Amino acid sequence: MIISGKELSARLKADMAAEVATFPARYGRVPHLAVILVGEDPGSVSYVTGKAKASAEVGIRNTTIRRPDTISEEELLGIVAELNADAGVDGILVQLPLPRHISEERVIAAIDKAKDVDGFHPLNVAALWQKQPCTLPCTPKGIIKMLKAAGVELAGREAVVVGRSNIVGLPVAKLLLDENATVTVAHSRTRDLAEVTRRAEILVVAIGRPKFVTADMVAEGAVVIDVGVNRDPETGKLCGDVDYAAIEPKASVITPVPGGVGPMTICCLMENTIECFLRTRK
Ligand code: GUN
């Protein structure tokens, strides 16, 4: 079974659009998401364009603020401060990565927690790890939605997450734990990685290396979630972190790249923006 994040997100976005259409009458306006893009990294440009397109589909107002990669940290913090103070802005997203001379940590911490639609603010991260109400990071949230939509049982099952980033690996491991899975987090320093990944009934891969996970690393019948978005060095086409063609026949459930996790991330960003909007109105 192939989980189409594209189809699932289209359904969820249609439901959100119907809800957002009622907001002007109820609240006087629609939610407003501000996205800051620094520089012209092609990956980041494509993500930001996708976010603007999804906003239009759902009826969310989107402002994308573009600045050259020569912007200073102070200027960037100034933009964040203005957006924080603007009662007409509900969500703020600073596209990562930022240029090396800017501290991502400082910029993320400067975003008003209540407008942190990425769920990256230290207070949101702390709330996640303490099982308190919080804004969940979009990719991990989207992954859990896909697993649930596919009817994958999580409680008591062996889950392996490959990758330990703040954006995906760590939070998805926590969300899987909250679903009562038994979770292993593997990474570049894991000894005998193939032996660890073969134990997985649910395998989530987020390491950012094209076709890194090969068929011999995956158990027959495993559920495989591929978070990678890479260029295949041979064909130049988009590909994931897993060797899809070789693993698809072995997996019971698998997500494609493109059209898998990516659209779900954007869909959850729309959901988070609506949640931030509603929270200040209730
Ligand atoms: N760069 C890669 N993924 C993400 C994400 O989910 N949010 C932001 N802000 N930047 C990213």
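In this text the structure is predicted, and so the values were computed from the model without any measurement. Both ligands and their constituent atoms are indexed starting at 1 by order of listing.
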The test is side-chain contact (heavy atoms from CB on, under 4.5 Å); show your working for Ile254 and Asp226 and say whether it passes. CA-CA 8 Å; Ile254 190 164; Asp226 188 351; 5.9 Å; no
Check your understanding: Given Arg26 and Arg281, is the side-chain contact (heavy atoms from CB on, under 4.5 Å) satisfied, shown in steps?
Key -> CA-CA 10 Å; Arg26 273 202 273 175; Arg281 252 138 277 269; over 6 Å; no
Backbone or side-chain N or O of Asp118 under 3.5 Å from ligand 1 N or O
yes
Numbered in order shown, the ligand 1 atoms found under 4.0 Å of a heavy atom of Val94 are 8 (C), 9 (N)
The atoms of ligand 1 lying under 4.0 Å from a heavy atom of Leu93, numbered in the order shown, are 9 (N)
- Query: Do any nitrogen or oxygen atoms of Thr265 come within less than 3.5 Å of a nitrogen or oxygen of ligand 1?
  - Reply: no
Closest to atom 11 (C) of ligand 1 among protein heavy atoms sits Gln95 NE2, 3.4 Å
If you scan protein heavy atoms around atom 1 (N) of ligand 1, the nearest is Leu96 O, 3.0 Å
Output for pair (Leu33 CG, Ile60 CD1), nearest 0.5 Å, gives 7.0 Å
Checklist entry - Any nitrogen or oxygen of Ile167, main chain or side chain, under 3.5 Å from a nitrogen or oxygen of ligand 1? => result no
So, are Glu73 and Arg106 salt-bridged, with charged N and O less than 4.0 Å apart? yes
Evaluate side-chain contact (heavy atoms from CB on, under 4.5 Å) for Lys51 paired with Gln95, printing each intermediate quantity in order. CA-CA 11 Å; Lys51 287 160 186 174; Gln95 185 64 34; 2.5 Å; yes
When you check the gap from the basic side-chain N to the acidic O, do Asp243 and Lys250 get nearer than 4.0 Å? no
